[in-house]
Amino acid sequence: MSDDSGLDEMLDGFWPYRKTTESFRKVPAEPVERALILREIAEMAHKEDAQGDTGTVSGSLYCGDHDHYGFLGEVFNLFSHANVLQRDMYPSATKFEAEIIAMTSDLLHGTGVGVVTSGGSESLITALYSYREHARETRGVTRPNVVMPQTAHVALDKGAHWMGIEVRHAPLTEAYVADVDAMAALIDDQTIALVGSAANYAHGLIDPIEEIAALAKSHGIGMHVDGCLGGWLLPWVEKLGYAVPLWDFRVPGVTSISADTHKYGYALKGSSVLLYRSKDLRKNQYFTYPDWPGGLYLSPGLAGSRSGGIIASTYAAILATGESGYLAAADGIMKTATTITEGIRTQVPELEVIGDPTFLVAFKSVGDLDIYLVNDSLKDQGWRMNALQLPPALHFCITRPNTQDGTAERFIEALKLAVTYAQDKQGEPAKSGAMYGFGGTPQGNATLEVVMAGVLDAMHEVAPDSPAA
Ligand SMILES: Cc1ncc(COP(=O)(O)O)c(C=O)c1O
(Lines give C-alpha, C1' and ligand atoms only; values in the text may rest on other atoms or scores of the structure.)
Protein backbone atom coordinates (compact mmCIF):
# COMPACT_ATOMS: atom_id res chain seq x y z
CA MET A 1 0.00 0.00 0.00
CA SER A 2 1.49 3.36 -0.97
CA ASP A 3 1.62 6.24 1.52
CA ASP A 4 -1.05 8.05 -0.45
CA SER A 5 -3.57 5.24 -0.37
CA GLY A 6 -2.96 4.91 3.38
CA LEU A 7 -3.73 8.58 3.83
CA ASP A 8 -6.75 8.30 1.59
CA GLU A 9 -8.05 5.40 3.64
CA MET A 10 -7.57 7.37 6.84
CA LEU A 11 -9.36 10.43 5.46
CA ASP A 12 -12.22 8.24 4.22
CA GLY A 13 -12.50 6.69 7.64
CA PHE A 14 -12.76 10.09 9.24
CA TRP A 15 -14.85 11.83 6.62
CA PRO A 16 -16.72 9.02 4.81
CA TYR A 17 -19.02 11.49 3.06
CA ARG A 18 -16.27 13.69 1.69
CA LYS A 19 -16.60 12.31 -1.84
CA THR A 20 -20.34 11.77 -1.93
CA THR A 21 -21.79 14.90 -0.36
CA GLU A 22 -21.19 18.58 -0.71
CA SER A 23 -19.44 20.31 2.17
CA PHE A 24 -20.73 23.65 3.44
CA ARG A 25 -18.01 26.06 4.38
CA LYS A 26 -20.42 28.99 4.55
CA VAL A 27 -24.15 29.45 4.99
CA PRO A 28 -25.95 28.61 1.74
CA ALA A 29 -27.21 31.74 0.01
CA GLU A 30 -30.67 30.22 -0.45
CA PRO A 31 -32.41 27.65 1.74
CA VAL A 32 -31.73 24.06 0.85
CA GLU A 33 -34.92 22.12 0.26
CA ARG A 34 -36.09 20.37 3.40
CA ALA A 35 -36.77 17.11 1.58
CA LEU A 36 -33.21 17.08 0.33
CA ILE A 37 -31.75 17.76 3.76
CA LEU A 38 -33.92 15.09 5.29
CA ARG A 39 -33.04 12.53 2.66
CA GLU A 40 -29.33 13.07 3.03
CA ILE A 41 -29.41 12.96 6.83
CA ALA A 42 -31.72 9.95 6.87
CA GLU A 43 -29.33 8.09 4.58
CA MET A 44 -26.48 8.78 6.97
CA ALA A 45 -28.54 7.75 9.98
CA HIS A 46 -29.69 4.48 8.44
CA LYS A 47 -26.22 3.64 7.24
CA GLU A 48 -24.60 4.44 10.56
CA ASP A 49 -27.23 2.63 12.62
CA ALA A 50 -27.06 -0.54 10.57
CA GLN A 51 -24.24 -2.24 12.42
CA GLY A 52 -25.64 -1.46 15.86
CA ASP A 53 -28.99 -2.90 14.89
CA THR A 54 -27.40 -6.26 14.09
CA GLY A 55 -26.45 -6.64 17.74
CA THR A 56 -22.72 -6.93 17.11
CA VAL A 57 -21.68 -3.71 18.84
CA SER A 58 -20.43 -3.38 22.40
CA GLY A 59 -22.12 -0.68 24.53
CA SER A 60 -23.00 2.64 22.94
CA LEU A 61 -26.57 1.72 21.87
CA TYR A 62 -28.30 0.67 25.04
CA CYS A 63 -31.85 0.19 23.82
CA GLY A 64 -31.85 -0.48 20.10
CA ASP A 65 -35.66 -0.50 19.86
CA HIS A 66 -36.57 1.88 17.05
CA ASP A 67 -40.21 2.00 18.16
CA HIS A 68 -39.03 3.27 21.51
CA TYR A 69 -36.75 5.82 19.80
CA GLY A 70 -39.63 6.90 17.59
CA PHE A 71 -41.85 7.45 20.61
CA LEU A 72 -39.12 9.39 22.41
CA GLY A 73 -38.63 11.44 19.26
CA GLU A 74 -42.31 12.33 19.27
CA VAL A 75 -42.11 13.47 22.88
CA PHE A 76 -38.86 15.30 22.18
CA ASN A 77 -40.52 17.17 19.33
CA LEU A 78 -43.14 18.62 21.64
CA PHE A 79 -40.52 20.45 23.67
CA SER A 80 -37.42 20.47 21.46
CA HIS A 81 -37.62 24.22 20.98
CA ALA A 82 -38.52 25.01 24.60
CA ASN A 83 -35.89 26.61 26.79
CA VAL A 84 -36.54 25.19 30.22
CA LEU A 85 -34.66 28.07 31.77
CA GLN A 86 -37.97 29.93 31.31
CA ARG A 87 -39.89 28.06 33.99
CA ASP A 88 -42.85 30.44 33.94
CA MET A 89 -43.42 29.37 30.33
CA TYR A 90 -42.49 25.71 30.76
CA PRO A 91 -43.37 24.60 34.29
CA SER A 92 -43.77 21.02 33.07
CA ALA A 93 -39.96 20.84 33.10
CA THR A 94 -40.08 21.06 36.89
CA LYS A 95 -42.47 18.15 37.04
CA PHE A 96 -40.42 16.03 34.61
CA GLU A 97 -37.07 16.81 36.18
CA ALA A 98 -38.23 16.37 39.78
CA GLU A 99 -39.85 13.04 38.95
CA ILE A 100 -36.78 11.79 37.04
CA ILE A 101 -34.73 12.59 40.14
CA ALA A 102 -37.30 11.02 42.47
CA MET A 103 -37.51 7.79 40.46
CA THR A 104 -33.71 7.51 40.18
CA SER A 105 -33.36 8.20 43.87
CA ASP A 106 -35.94 5.58 44.74
CA LEU A 107 -34.06 3.05 42.64
CA LEU A 108 -30.79 3.81 44.41
CA HIS A 109 -32.26 4.24 47.91
CA GLY A 110 -31.41 7.92 47.96
CA THR A 111 -32.89 10.86 49.79
CA GLY A 112 -34.56 12.43 46.77
CA VAL A 113 -31.86 15.08 46.32
CA GLY A 114 -30.32 15.48 42.90
CA VAL A 115 -30.03 17.25 39.57
CA VAL A 116 -30.45 16.24 35.95
CA THR A 117 -27.40 16.82 33.76
CA SER A 118 -26.46 16.32 30.13
CA GLY A 119 -24.57 13.07 30.63
CA GLY A 120 -22.14 11.06 32.68
CA SER A 121 -19.22 13.40 32.23
CA GLU A 122 -21.20 16.42 33.40
CA SER A 123 -22.50 14.49 36.41
CA LEU A 124 -18.99 13.43 37.40
CA ILE A 125 -17.41 16.82 36.87
CA THR A 126 -20.23 18.56 38.72
CA ALA A 127 -19.84 16.21 41.68
CA LEU A 128 -16.14 16.94 41.75
CA TYR A 129 -16.87 20.66 41.77
CA SER A 130 -19.31 20.28 44.68
CA TYR A 131 -16.74 18.37 46.72
CA ARG A 132 -14.06 20.94 45.95
CA GLU A 133 -16.27 23.81 47.05
CA HIS A 134 -17.49 21.94 50.12
CA ALA A 135 -13.90 21.18 51.19
CA ARG A 136 -12.85 24.78 50.62
CA GLU A 137 -15.72 26.18 52.65
CA THR A 138 -15.76 23.71 55.50
CA ARG A 139 -12.07 22.84 55.82
CA GLY A 140 -10.22 25.62 54.03
CA VAL A 141 -8.78 23.22 51.46
CA THR A 142 -6.76 25.18 48.90
CA ARG A 143 -4.76 22.41 47.18
CA PRO A 144 -7.56 19.93 46.54
CA ASN A 145 -6.94 16.33 45.56
CA VAL A 146 -9.27 13.43 44.82
CA VAL A 147 -8.36 9.80 45.40
CA MET A 148 -9.70 7.22 42.98
CA PRO A 149 -8.77 3.88 41.44
CA GLN A 150 -6.98 3.84 38.07
CA THR A 151 -10.16 2.58 36.46
CA ALA A 152 -12.35 5.51 37.58
CA HIS A 153 -13.78 7.19 34.51
CA VAL A 154 -11.43 9.56 32.75
CA ALA A 155 -14.06 12.34 32.75
CA LEU A 156 -13.03 12.80 36.38
CA ASP A 157 -9.45 13.40 35.25
CA LYS A 158 -10.77 15.89 32.71
CA GLY A 159 -12.83 17.72 35.32
CA ALA A 160 -9.96 17.71 37.79
CA HIS A 161 -7.69 19.09 35.08
CA TRP A 162 -10.11 21.92 34.33
CA MET A 163 -10.68 22.73 38.01
CA GLY A 164 -7.14 22.52 39.35
CA ILE A 165 -7.75 19.38 41.39
CA GLU A 166 -4.93 16.88 41.74
CA VAL A 167 -5.90 13.32 40.90
CA ARG A 168 -4.32 10.58 42.97
CA HIS A 169 -4.77 7.26 41.19
CA ALA A 170 -4.68 4.17 43.36
CA PRO A 171 -3.59 0.88 41.82
CA LEU A 172 -5.93 -2.05 41.45
CA THR A 173 -5.90 -5.36 43.31
CA GLU A 174 -5.26 -8.61 41.48
CA ALA A 175 -9.03 -8.83 41.07
CA TYR A 176 -8.86 -5.55 39.09
CA VAL A 177 -10.88 -3.51 41.59
CA ALA A 178 -9.83 -0.57 43.75
CA ASP A 179 -7.11 -1.38 46.27
CA VAL A 180 -8.59 0.27 49.34
CA ASP A 181 -5.34 0.19 51.35
CA ALA A 182 -3.59 1.94 48.49
CA MET A 183 -6.38 4.52 48.43
CA ALA A 184 -6.00 5.04 52.18
CA ALA A 185 -2.30 5.73 51.73
CA LEU A 186 -3.04 8.52 49.24
CA ILE A 187 -5.42 10.49 51.47
CA ASP A 188 -4.22 13.65 53.19
CA ASP A 189 -5.76 16.78 54.69
CA GLN A 190 -6.33 18.23 51.19
CA THR A 191 -8.36 15.26 49.95
CA ILE A 192 -11.85 16.39 48.98
CA ALA A 193 -13.45 13.01 48.21
CA LEU A 194 -12.94 9.36 47.30
CA VAL A 195 -14.39 7.73 44.21
CA GLY A 196 -15.41 4.20 43.31
CA SER A 197 -17.33 2.79 40.34
CA ALA A 198 -20.38 0.55 39.97
CA ALA A 199 -19.43 -0.60 37.50
CA ASN A 200 -16.30 0.82 35.89
CA TYR A 201 -16.06 1.44 32.18
CA ALA A 202 -12.94 -0.60 31.44
CA HIS A 203 -13.74 -3.95 33.02
CA GLY A 204 -17.33 -3.58 34.18
CA LEU A 205 -16.32 -4.39 37.75
CA ILE A 206 -17.80 -3.00 40.94
CA ASP A 207 -15.24 -1.53 43.32
CA PRO A 208 -15.47 -2.45 47.03
CA ILE A 209 -17.83 0.44 47.66
CA GLU A 210 -18.59 -0.43 51.29
CA GLU A 211 -14.90 -0.38 52.19
CA ILE A 212 -14.16 2.81 50.28
CA ALA A 213 -17.18 4.52 51.83
CA ALA A 214 -16.10 3.46 55.32
CA LEU A 215 -12.65 4.85 54.59
CA ALA A 216 -14.15 8.14 53.41
CA LYS A 217 -16.35 8.33 56.50
CA SER A 218 -13.43 7.68 58.82
CA HIS A 219 -11.68 10.70 57.29
CA GLY A 220 -14.79 12.87 57.41
CA ILE A 221 -14.88 13.24 53.63
CA GLY A 222 -17.43 12.32 50.99
CA MET A 223 -17.52 9.48 48.50
CA HIS A 224 -18.84 9.60 44.97
CA VAL A 225 -19.96 6.38 43.30
CA ASP A 226 -19.79 6.49 39.53
CA GLY A 227 -22.90 4.58 38.62
CA CYS A 228 -23.11 6.27 35.22
CA LEU A 229 -22.94 2.90 33.52
CA GLY A 230 -24.46 0.56 36.09
CA GLY A 231 -26.79 2.90 37.94
CA TRP A 232 -29.84 2.18 35.83
CA LEU A 233 -29.08 -1.54 35.43
CA LEU A 234 -27.60 -3.00 38.62
CA PRO A 235 -30.75 -2.42 40.72
CA TRP A 236 -32.74 -4.58 38.30
CA VAL A 237 -29.95 -7.16 38.15
CA GLU A 238 -30.06 -7.36 41.94
CA LYS A 239 -33.86 -7.70 41.92
CA LEU A 240 -33.50 -10.62 39.51
CA GLY A 241 -31.47 -12.42 42.17
CA TYR A 242 -27.94 -12.01 40.84
CA ALA A 243 -25.24 -11.35 43.44
CA VAL A 244 -24.59 -7.61 43.39
CA PRO A 245 -22.61 -6.15 46.29
CA LEU A 246 -24.13 -3.11 47.99
CA TRP A 247 -22.99 0.02 46.24
CA ASP A 248 -25.78 2.64 46.45
CA PHE A 249 -27.09 4.93 49.21
CA ARG A 250 -27.75 1.91 51.43
CA VAL A 251 -24.02 2.12 52.10
CA PRO A 252 -23.31 4.67 54.83
CA GLY A 253 -20.58 7.00 53.61
CA VAL A 254 -21.73 7.10 49.99
CA THR A 255 -22.56 10.79 49.60
CA SER A 256 -23.25 11.09 45.87
CA ILE A 257 -24.00 8.86 42.89
CA SER A 258 -24.15 9.51 39.16
CA ALA A 259 -26.52 7.33 37.11
CA ASP A 260 -26.99 7.88 33.40
CA THR A 261 -30.54 7.77 32.14
CA HIS A 262 -29.12 7.92 28.60
CA LYS A 263 -27.48 4.52 29.06
CA TYR A 264 -29.49 1.72 30.69
CA GLY A 265 -32.36 4.12 31.45
CA TYR A 266 -33.03 3.89 27.69
CA ALA A 267 -33.49 7.64 27.31
CA LEU A 268 -32.18 9.67 24.40
CA LYS A 269 -28.58 10.82 24.53
CA GLY A 270 -28.00 13.86 26.68
CA SER A 271 -29.27 12.95 30.12
CA SER A 272 -27.92 11.72 33.41
CA VAL A 273 -28.84 12.10 37.07
CA LEU A 274 -26.50 13.23 39.80
CA LEU A 275 -27.83 12.34 43.24
CA TYR A 276 -26.56 13.71 46.53
CA ARG A 277 -27.22 12.35 49.98
CA SER A 278 -27.74 15.90 51.29
CA LYS A 279 -28.96 19.23 50.02
CA ASP A 280 -25.98 20.72 51.80
CA LEU A 281 -23.64 19.09 49.29
CA ARG A 282 -25.87 19.88 46.30
CA LYS A 283 -26.01 23.60 47.07
CA ASN A 284 -22.32 23.90 46.19
CA GLN A 285 -23.14 23.55 42.50
CA TYR A 286 -25.84 26.23 42.61
CA PHE A 287 -24.91 29.63 41.29
CA THR A 288 -26.82 32.77 42.16
CA TYR A 289 -25.86 36.29 41.20
CA PRO A 290 -28.15 39.10 42.26
CA ASP A 291 -26.17 42.04 40.81
CA TRP A 292 -26.25 41.41 37.07
CA PRO A 293 -27.91 44.01 34.84
CA GLY A 294 -29.53 41.09 33.01
CA GLY A 295 -31.52 40.31 36.14
CA LEU A 296 -31.33 38.16 39.26
CA TYR A 297 -29.49 35.11 37.95
CA LEU A 298 -29.86 31.65 39.39
CA SER A 299 -28.63 28.43 37.83
CA PRO A 300 -28.40 24.91 39.24
CA GLY A 301 -25.47 23.68 37.15
CA LEU A 302 -23.19 24.16 34.19
CA ALA A 303 -25.77 24.61 31.45
CA GLY A 304 -27.58 27.82 30.69
CA SER A 305 -30.38 27.33 28.19
CA ARG A 306 -31.52 23.73 27.93
CA SER A 307 -33.97 22.02 25.62
CA GLY A 308 -37.16 20.76 27.21
CA GLY A 309 -37.11 17.93 24.71
CA ILE A 310 -34.46 15.91 26.46
CA ILE A 311 -36.09 16.27 29.89
CA ALA A 312 -39.56 15.34 28.64
CA SER A 313 -38.27 12.41 26.61
CA THR A 314 -36.17 11.08 29.50
CA TYR A 315 -39.25 11.18 31.70
CA ALA A 316 -41.21 9.42 28.97
CA ALA A 317 -38.50 6.78 28.52
CA ILE A 318 -38.70 5.76 32.17
CA LEU A 319 -42.49 5.67 32.22
CA ALA A 320 -42.77 3.80 28.95
CA THR A 321 -40.27 1.14 30.04
CA GLY A 322 -41.56 0.62 33.57
CA GLU A 323 -40.24 -1.80 36.16
CA SER A 324 -41.30 -4.86 34.17
CA GLY A 325 -39.59 -3.51 31.06
CA TYR A 326 -36.36 -2.78 32.92
CA LEU A 327 -36.43 -6.21 34.55
CA ALA A 328 -37.00 -8.00 31.23
CA ALA A 329 -34.16 -6.04 29.63
CA ALA A 330 -31.82 -6.76 32.55
CA ASP A 331 -32.73 -10.44 32.36
CA GLY A 332 -31.78 -10.65 28.69
CA ILE A 333 -28.60 -8.66 29.24
CA MET A 334 -27.46 -10.85 32.14
CA LYS A 335 -28.22 -14.08 30.32
CA THR A 336 -26.22 -12.91 27.30
CA ALA A 337 -23.34 -11.65 29.47
CA THR A 338 -23.26 -14.91 31.41
CA THR A 339 -23.17 -17.00 28.22
CA ILE A 340 -20.29 -14.90 26.91
CA THR A 341 -18.36 -14.98 30.18
CA GLU A 342 -18.76 -18.74 30.50
CA GLY A 343 -18.05 -19.23 26.79
CA ILE A 344 -14.70 -17.46 27.06
CA ARG A 345 -13.82 -19.26 30.28
CA THR A 346 -14.62 -22.73 28.98
CA GLN A 347 -14.05 -22.55 25.22
CA VAL A 348 -11.32 -19.97 24.56
CA PRO A 349 -8.30 -20.91 26.70
CA GLU A 350 -6.10 -18.33 24.95
CA LEU A 351 -8.17 -15.55 26.56
CA GLU A 352 -8.92 -14.68 30.17
CA VAL A 353 -11.96 -12.86 31.52
CA ILE A 354 -10.87 -9.96 33.70
CA GLY A 355 -12.26 -10.22 37.22
CA ASP A 356 -15.78 -11.35 37.97
CA PRO A 357 -18.03 -9.36 35.64
CA THR A 358 -21.76 -8.73 35.60
CA PHE A 359 -23.05 -7.10 32.39
CA LEU A 360 -19.77 -6.02 30.79
CA VAL A 361 -17.20 -8.66 29.95
CA ALA A 362 -13.55 -7.62 29.55
CA PHE A 363 -10.98 -10.12 28.37
CA LYS A 364 -7.28 -10.17 27.70
CA SER A 365 -4.87 -12.68 26.27
CA VAL A 366 -3.35 -15.27 28.56
CA GLY A 367 0.04 -15.45 26.86
CA ASP A 368 1.68 -13.21 24.31
CA LEU A 369 -1.20 -13.27 21.83
CA ASP A 370 -1.78 -9.73 20.55
CA ILE A 371 -5.32 -8.86 21.65
CA TYR A 372 -5.48 -6.04 19.09
CA LEU A 373 -4.96 -8.62 16.33
CA VAL A 374 -7.91 -10.48 17.84
CA ASN A 375 -9.83 -7.22 17.57
CA ASP A 376 -8.77 -6.77 13.93
CA SER A 377 -10.36 -10.10 13.08
CA LEU A 378 -13.48 -9.40 15.14
CA LYS A 379 -13.83 -6.14 13.22
CA ASP A 380 -13.48 -7.92 9.92
CA GLN A 381 -16.20 -10.30 11.08
CA GLY A 382 -18.48 -7.35 11.84
CA TRP A 383 -18.08 -7.10 15.62
CA ARG A 384 -17.25 -3.79 17.25
CA MET A 385 -15.59 -4.17 20.63
CA ASN A 386 -14.15 -1.50 22.90
CA ALA A 387 -10.38 -1.75 23.02
CA LEU A 388 -8.58 -1.15 26.31
CA GLN A 389 -5.00 -0.69 27.44
CA LEU A 390 -2.93 -1.13 30.59
CA PRO A 391 -3.28 -4.05 30.17
CA PRO A 392 -4.25 -4.51 26.51
CA ALA A 393 -7.73 -6.01 26.48
CA LEU A 394 -11.14 -5.78 24.85
CA HIS A 395 -14.52 -5.42 26.40
CA PHE A 396 -18.03 -6.32 25.33
CA CYS A 397 -20.57 -4.19 27.17
CA ILE A 398 -23.83 -6.07 26.75
CA THR A 399 -26.84 -4.02 25.83
CA ARG A 400 -30.32 -4.85 24.59
CA PRO A 401 -29.40 -5.19 20.88
CA ASN A 402 -26.92 -7.92 21.89
CA THR A 403 -29.63 -10.01 23.53
CA GLN A 404 -31.04 -11.15 20.19
CA ASP A 405 -31.21 -14.94 19.97
CA GLY A 406 -27.92 -16.62 19.23
CA THR A 407 -25.79 -13.46 19.44
CA ALA A 408 -23.73 -14.67 22.42
CA GLU A 409 -23.05 -18.04 20.79
CA ARG A 410 -22.12 -16.39 17.47
CA PHE A 411 -19.75 -14.10 19.33
CA ILE A 412 -17.90 -17.00 20.95
CA GLU A 413 -17.47 -18.64 17.54
CA ALA A 414 -16.20 -15.34 16.09
CA LEU A 415 -13.79 -15.04 19.01
CA LYS A 416 -12.35 -18.48 18.36
CA LEU A 417 -11.75 -17.56 14.72
CA ALA A 418 -10.22 -14.27 15.82
CA VAL A 419 -7.80 -16.07 18.13
CA THR A 420 -6.70 -18.32 15.26
CA TYR A 421 -6.21 -15.23 13.09
CA ALA A 422 -4.12 -13.56 15.81
CA GLN A 423 -2.01 -16.69 16.20
CA ASP A 424 -1.37 -16.74 12.44
CA LYS A 425 -0.46 -13.05 12.36
CA GLN A 426 1.53 -13.04 15.60
CA GLY A 427 4.33 -10.48 15.36
CA GLU A 428 2.66 -8.38 12.69
CA PRO A 429 1.40 -4.92 13.73
CA ALA A 430 -2.30 -4.81 14.47
CA LYS A 431 -4.52 -2.30 12.70
CA SER A 432 -6.57 -1.56 15.80
CA GLY A 433 -5.45 -0.12 19.11
CA ALA A 434 -7.08 1.36 22.16
CA MET A 435 -8.55 4.78 21.47
CA TYR A 436 -11.75 5.47 23.44
CA GLY A 437 -14.58 5.97 21.01
CA PHE A 438 -12.66 4.76 17.96
CA GLY A 439 -12.06 1.36 16.44
CA GLY A 440 -8.40 1.92 15.64
CA THR A 441 -5.55 4.07 16.80
CA PRO A 442 -1.95 4.84 15.96
CA GLN A 443 0.57 3.18 18.23
CA GLY A 444 3.55 4.78 19.93
CA ASN A 445 4.18 6.79 23.04
CA ALA A 446 5.99 10.10 22.89
CA THR A 447 4.04 11.38 19.94
CA LEU A 448 0.70 9.91 20.96
CA GLU A 449 -0.64 13.01 22.68
CA VAL A 450 0.25 15.12 19.65
CA VAL A 451 -1.56 12.66 17.39
CA MET A 452 -4.55 12.59 19.74
CA ALA A 453 -4.76 16.38 19.74
CA GLY A 454 -4.56 16.27 15.94
CA VAL A 455 -7.53 13.89 15.90
CA LEU A 456 -9.52 16.34 18.01
CA ASP A 457 -8.63 19.14 15.62
CA ALA A 458 -9.68 16.98 12.70
CA MET A 459 -13.02 16.22 14.33
CA HIS A 460 -13.85 19.92 14.06
CA GLU A 461 -12.82 20.44 10.48
CA VAL A 462 -14.73 20.21 7.23
CA ALA A 463 -13.69 17.20 5.17
CA PRO A 464 -10.64 18.03 3.07
CA ASP A 465 -11.01 17.73 -0.71
CA SER A 466 -14.78 17.42 -0.49
CA PRO A 467 -16.83 19.15 -3.19
CA ALA A 468 -17.99 22.56 -2.02
CA ALA A 469 -21.70 23.26 -1.99
C1 LIG B 1 -18.52 4.28 34.24
C2 LIG B 1 -18.72 5.46 33.34
N3 LIG B 1 -18.67 6.70 33.87
C4 LIG B 1 -18.82 7.79 33.11
C5 LIG B 1 -19.02 7.70 31.76
C6 LIG B 1 -19.13 8.95 30.93
O7 LIG B 1 -20.42 9.11 30.48
P8 LIG B 1 -20.78 10.08 29.25
O9 LIG B 1 -20.14 9.46 28.06
O10 LIG B 1 -22.26 10.06 29.25
O11 LIG B 1 -20.22 11.42 29.54
C12 LIG B 1 -19.08 6.44 31.17
C13 LIG B 1 -19.28 6.29 29.74
O14 LIG B 1 -19.30 5.21 29.19
C15 LIG B 1 -18.92 5.28 31.99
O16 LIG B 1 -18.94 4.05 31.46
Side-chain angles (χ1 to χ4, degrees), residues 68-69 71-127 129-130 133-134 224 227-228 231-232 235 248-249 255-290 292 294-323 325-326:
H68 181 73
Y69 295 149
F71 164 66
L72 298 189
E74 259 180 65
V75 176
F76 187 93
N77 262 345
L78 297 171
F79 282 107
S80 58
H81 52 280
N83 182 359
V84 301
L85 210 60
Q86 323 295 355
R87 284 295 159 102
D88 57 331
M89 285 174 74
Y90 297 111
S92 58
T94 302
K95 170 183 167 64
F96 300 147
E97 216 162 34
E99 292 176 29
I100 293 166
I101 294 165
M103 290 187 279
T104 311
S105 177
D106 178 64
L107 201 59
L108 304 181
H109 304 93
T111 54
V113 179
V115 290
V116 175
T117 73
S118 66
S121 297
E122 188 185 331
S123 287
L124 291 175
I125 294 169
T126 304
Y129 178 77
S130 291
E133 290 307 284
H134 183 71
H224 181 78
C228 286
W232 266 89
D248 59 21
F249 284 111
T255 46
S256 60
I257 298 178
S258 45
D260 290 358
T261 27
H262 72 188
K263 293 191 173 81
Y264 290 103
Y266 312 126
L268 294 176
K269 283 294 173 203
S271 88
S272 164
V273 177
L274 170 59
L275 296 174
Y276 293 99
R277 189 180 282 280
S278 74
K279 285 188 177 170
D280 204 37
L281 195 53
R282 180 177 63 180
K283 79 172 173 4
N284 293 286
Q285 68 163 81
Y286 288 173
F287 182 78
T288 53
Y289 192 71
W292 185 47
L296 294 174
Y297 184 81
L298 67 164
S299 167
L302 183 67
S305 296
R306 284 189 299 151
S307 164
I310 189 64
I311 298 171
S313 61
T314 299
Y315 174 77
I318 301 174
L319 264 55
T321 306
E323 173 158 351
Y326 284 113

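As the structure is a computational prediction, the values presented were derived from the model and not from experiment. FYI, side chains are in, hydrogens and waters are out, and symmetry mates aren't considered; it's all heavy atoms of this structure.
Nearest approach of Ala259 to Thr104, heavy atoms of both residues: CB-CG2, 4.1 Å. Listed here is the closest heavy atom pair of His134 and Asn284: N-OD1, 3.6 Å. Listed here is the closest heavy atom pair of Phe79 and Ser92: CZ-OG, 3.4 Å. In plain terms, the two heavy atoms of Leu107 and Asp248 that are nearest each other are O-OD2, 4.2 Å. Minimum interatomic distance between Trp232 and Asp260 (heavy atoms only, all atoms of both residues): CD1-O, 3.8 Å. The minimum heavy-atom distance between Leu108 and Pro235, with the atom names listed, is CD2-CG, 3.7 Å.
A distance of 9.0 Å separates CD of Glu122 from CG of Leu274, quoted to the nearest 0.5 Å. How far CG of Leu296 is from OG1 of Thr288: 9.5 Å, rounded to the nearest 0.5 Å. Rounded to the nearest 0.5 angstrom, Ile100 CD1 and Glu97 CD are separated by 6.5 Å. Taken from CG in Leu268 to OG1 in Thr261, the straight-line distance is 10.0 Å, to the nearest 0.5 Å. Here the CD-OH distance, from Glu323 to Tyr326, works out to 11.0 Å after rounding to the nearest 0.5 Å. To the nearest 0.5 Å, atoms CG (Leu302) and OG (Ser123) are separated by 11.0 Å.
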Worked check of side chain to side chain donor-acceptor pair (under 3.5 Å) between Thr314 and Ser271: CA-CA 7 Å; Thr314 299; Ser271 88; 3.1 Å; yes
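At a threshold of 4.5 Å between non-hydrogen side-chain atoms, the residues Phe249 and Arg277 count as touching. Counting heavy atoms from C-beta on, the side chains of Val113 and Ser105 never come closer than 4.5 Å. At least one side-chain heavy atom of Cys228 sits under 4.5 Å from a side-chain heavy atom of Leu124. Residues Ile310 and Phe76 have side chains in contact (heavy-atom distance under 4.5 Å, counting atoms from C-beta outward). With contacts defined as side-chain heavy-atom distances shorter than 4.5 Å, the pair Met89/Asn83 does not qualify.
Within a 6.0 Å sphere centred on NZ of Lys279, heavy atoms belonging to other residues, nucleotides or ligands number 12 at most.
Checking side-chain atoms of Arg282 against main-chain N and O of Val115 turns up no donor-acceptor pair under 3.5 Å. Between the side chain of His262 and the main chain of Gly270, a donor-acceptor pair closer than 3.5 Å is present. A distance-only check finds a donor-acceptor pair linking the side chain of Ser313 to the backbone of Gly309 [under 3.5 Å]. Distance alone, capped at 3.5 Å, places no donor-acceptor pair between the Gln285 side chain and the Ala127 backbone. Checked by atom type and distance alone, the side chain of Ser307 pairs as donor or acceptor with a backbone atom of Ser80 at under 3.5 Å.
Classified by interplanar angle (parallel below 30°, tilted 30° to 60°, perpendicular above 60°), the ring pair Phe96/Tyr315 is tilted. Relative orientation of the Tyr266 and Tyr264 rings is perpendicular, given thresholds of 30° and 60° on the angle between their planes.
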